[in-house]
Asker: 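Below you will find the structure I want to go over with you.
Numbers restart at 1 for each chain; the letters A, B, ... are given by sequence-line order, proteins then strands.
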Amino acid sequence: MTVAIPAVPLGKVTHPMKEVYLDYAATTPVSSEVMSEMLPYFSDVYGNPSSIHKAGEDAAQGVRLARSRVANFLNCDPEEIIFTSGATEGNNSVIKSATKTQVSGEKPHIVISAVEHSSVLEPAKEAADEGLVDLTIIPVQPNGRVDSDLILQSIRPETVLISIMYANNETGVIQPIEEIGKRIAELNKTRKNKIVFHTDAVQAVNYLNCDVKNLDVDIMTLSAHKIYGPKGVGVLLVKKGTLIHPLLVGGGQEYGLRAGTLNTAGIVGIGTAIEQVQNYRAENERMAVVRNYLLDGILSSIDGSFLNGSRENSLPNIANVRFEGVEGESVMMALNDKGFFVSTGSACASESLSPSHVLLAMGLSEIDAHGSVRFSIGRYTEEKDIKELLSVLPEIIDRLRNISGSIKEDIKKLVT
Amino acid sequence: MYSKEIIDHFQNPKNMGAIEGVDAVGSVGNPVCGDIMKIYIKVGKNESGEDAIKDIGFETLGCVAAISTTSMITEMAKGKTLDEAMKIEFKDVESALGEIPPVKLHCADLSVRALREAIGQYKNSNRIS
């Protein structure tokens, strides 16, 4: 197979037209403040933070500051912060650790929800397939929320881990993490083998309270590139006293829980990014206003368009919408041609053809799940961007519905 | 991800839409995979007196590749005799469109099946072997 060579040098912007980025849930640009704080750590401060000479110590200082900033944000001790390569590593570590947890000769039992990110779902399914764990997948309601009663009912004596995401990446639906956390903590008081409660908070960090004491969370996964930090760095908060087996072993970095030379610049980046999140909390309301403008604009101007999930208990920046009689990728590519960047479900799933497991879990049919598009806004989205989107989207949907013609009616006959 | 040809057919599909008074319709795909295609054909004699595709149209609910492959195959089949059209393979559609991403190759296959189903249906109802 031939490898395509990019027609322009890497890093050059290829689109002369105006671009409107509406895919902040996939990733965010690095903010200028984050960028400028990171830069010296690529070259000037080049030491290995684990070295004890001055070059190393200088780098270690940057890491220490970042660690304390993250700890401050999560209301935990700096020693509870483990830097990782990102959320996929964090989530894999948690699941794989649970497979090694001994429960008096019994097979460990893991509980997750049906709408978890694939970096939780896939390792959990793999571990179950390999016979390492028993896995319970808790269904969600049509609004995308899990019922904490169902989680509590699924607990067994050999349950070692419950992993429920804080807010969903495809729909923005928020799970009742504090309620679940408190109920598990209550239960743990009388249990011999404690249940570890983990939450993937990657999408939540920008908008929701992540005080882990308040949430009663034992382990939390975070990622820098969703909060205007760099790609390739994340955090695993592991509360003291929580048992976790490292995924990567070697040089014993990160209190022996994550071996590997520290990504100094990236770590400095996530520290600055998370501190900035605090300053942008006042933006949440503005974000919800812009999101609602987008959503109301779509629903009122396009017949046969529906919100997946609900506006309540949802992040202020995501709108997942399905359009009857069209397929999501076509909408995405037609918008792309006009300079609007959105996504179908999650960017991670675009390589696979199966419809979103999140939308299917919410009770959507395959065809409805295929017809869904995620719009996610962010810090740099303005109302005029949405106005421009709304000026092109109805025409695109119309055009695609002309192409699908009578097929929409055929499907209705199939279903009824 | 997509070639210029694929995007062109996606943006300006050829032979789009159902045709009135057609002789046969081939319908393939299913809601699970997300791609559904219908190919409509009108058959008539060509100059040599053979059965040929006089008019053709399509409807597709699906991704970019699904729309462009059906658009392309209708262009390729138009005017061909039924036997010639029957011989169009997914590789022919692929090479006509430039490179199709591997994960989307089944779309080219679906479009071939839709066309063949339409031709098969016509032959069956007209007792042509």
Side-chain angles (χ1 to χ4, degrees), chain A residues 1-4 6-7 304 322-338 343-345 347 349-356 359-360 364-373 395-416, chain B residues 1-20 22 25-40 57-72 74 94 98-111 114:
Chain A
M1 199 177 145
T2 54
V3 177
R322 77 189 144 90
F323 300 96
E324 273 179 1
V326 302
E327 197 270 348
E329 191 215 68
S330 293
V331 179
M332 193 252 275
M333 287 302 289
L335 280 172
N336 175 64
D337 267 26
K338 300 214 178 274
S343 87
T344 55
S350 58
E351 291 293 311
S352 86
L353 300 170
S354 27
S356 148
L359 298 179
L360 294 183
L364 265 71
S365 68
E366 276 93 353
I367 205 80
D368 284 343
H370 276 298
S372 297
V373 176
E395 204 178 307
I396 286 172
I397 300 297
D398 222 39
R399 186 176 83 75
L400 293 171
R401 280 179 178 163
N402 277 334
I403 299 176
S404 68
S406 64
I407 292 173
K408 194 174 105 182
E409 301 307 315
D410 295 351
I411 293 165
K412 276 189 186 153
K413 278 178 225 151
L414 278 176
V415 175
T416 50
Chain B
M1 175 180 179
Y2 287 118
S3 71
K4 190 181 166 295
E5 287 80 5
I6 293 182
I7 295 294
D8 283 351
H9 274 270
F10 168 65
Q11 293 293 12
N12 299 297
K14 308 287 188 293
N15 311 305
M16 185 186 99
I19 323 174
E20 294 286 307
V22 284
V25 187
S27 180
V28 298
N30 63 67
V32 179
C33 80
D35 296 322
I36 305 176
M37 303 171 175
K38 281 166 99 174
I39 290 185
Y40 299 78
F58 83 91
E59 292 177 322
T60 294
L61 169 58
C63 64
V64 173
I67 291 171
S68 359
T69 51
T70 24
S71 167
M72 178 51 93
T74 56
E94 188 195 6
E99 210 173 339
I100 300 179
V103 72
K104 301 287 188 181
L105 271 177
H106 74 284
C107 292
D109 185 49
L110 270 181
S111 70

Asker: Take atom NZ in Lys14(B); do more than 12 heavy atoms of anything else shown fall under 6.0 Å from it?
Answerer: yes
Asker: Highest number of heavy-atom pairs under 4.5 Å with chain B: which of Pro355(A), Gly405(A), Ser330(A)?
Answerer: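 Ranked by contacts with chain B, first place is Ser330(A).
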Asker: More than 12 foreign heavy atoms under 6.0 Å from CD of Gln11(B): is that the case here?
Answerer: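 Yes.
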Asker: Can you name the closest pair of heavy atoms from Glu329(A) and Cys63(B) and give their distance?
Answerer: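 Smallest interatomic distance, heavy atoms only, reads OE1-CB, 3.2 Å.
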Asker: Most heavy-atom pairs under 4.5 angstrom with chain A, which of Val64(B), Ile7(B), Asp35(B)?
Answerer: Val64(B)
Asker: Under 4.5 Å between any side-chain heavy atoms of Thr70(B) and Ile403(A), yes or no?
Answerer: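 SC-SC contact between Thr70(B) and Ile403(A) ruled out.
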Asker: Between Glu327(A) and Gly34(B), what is the shortest heavy-atom contact and its length?
Answerer: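 Here Glu327(A) and Gly34(B) meet closest at CG-O, 4.0 Å.
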Asker: If only atom types and distance count, is the side chain of Glu59(B) paired as donor or acceptor with the main-chain N or O of Ser406(A) below 3.5 Å?
Answerer: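 Yes, Glu59(B) side chain to Ser406(A) backbone: donor-acceptor pair under 3.5 Å.
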Asker: Evaluate the criterion side-chain contact (heavy atoms from CB on, under 4.5 Å) for residue pair Ile367(A) and Ile36(B); output intermediate values, then yes/no.
Answerer: CA-CA 10 Å; Ile367(A) 205 80; Ile36(B) 305 176; 4.1 Å; yes
Asker: Below 4.5 Å from any heavy atom of chain B, which atoms of Asp368(A) appear? Answer side chain, backbone, both or neither.
Answerer: neither
Asker: Looking at Asn402(A), Val326(A), Val331(A), Asp337(A), which one has more heavy-atom pairs under 4.5 Å with chain B than the rest?
Answerer: Asp337(A)
Asker: Any chance you could measure Leu400(A), atom CG, to Phe10(B), atom CZ, to the nearest 0.5 Å?
Answerer: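 So the CG of Leu400(A) and the CZ of Phe10(B) are separated by 5.0 Å.
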Asker: May I have the step-by-step check of side-chain contact (heavy atoms from CB on, under 4.5 Å) for Leu61(B) and Lys408(A), ending in yes or no?
Answerer: CA-CA 8 Å; Leu61(B) 169 58; Lys408(A) 194 174 105 182; over 6 Å; no
Asker: How far does CE of Met16(B) sit from OG of Ser404(A), to the nearest 0.5 angstrom?
Answerer: 9.0 Å
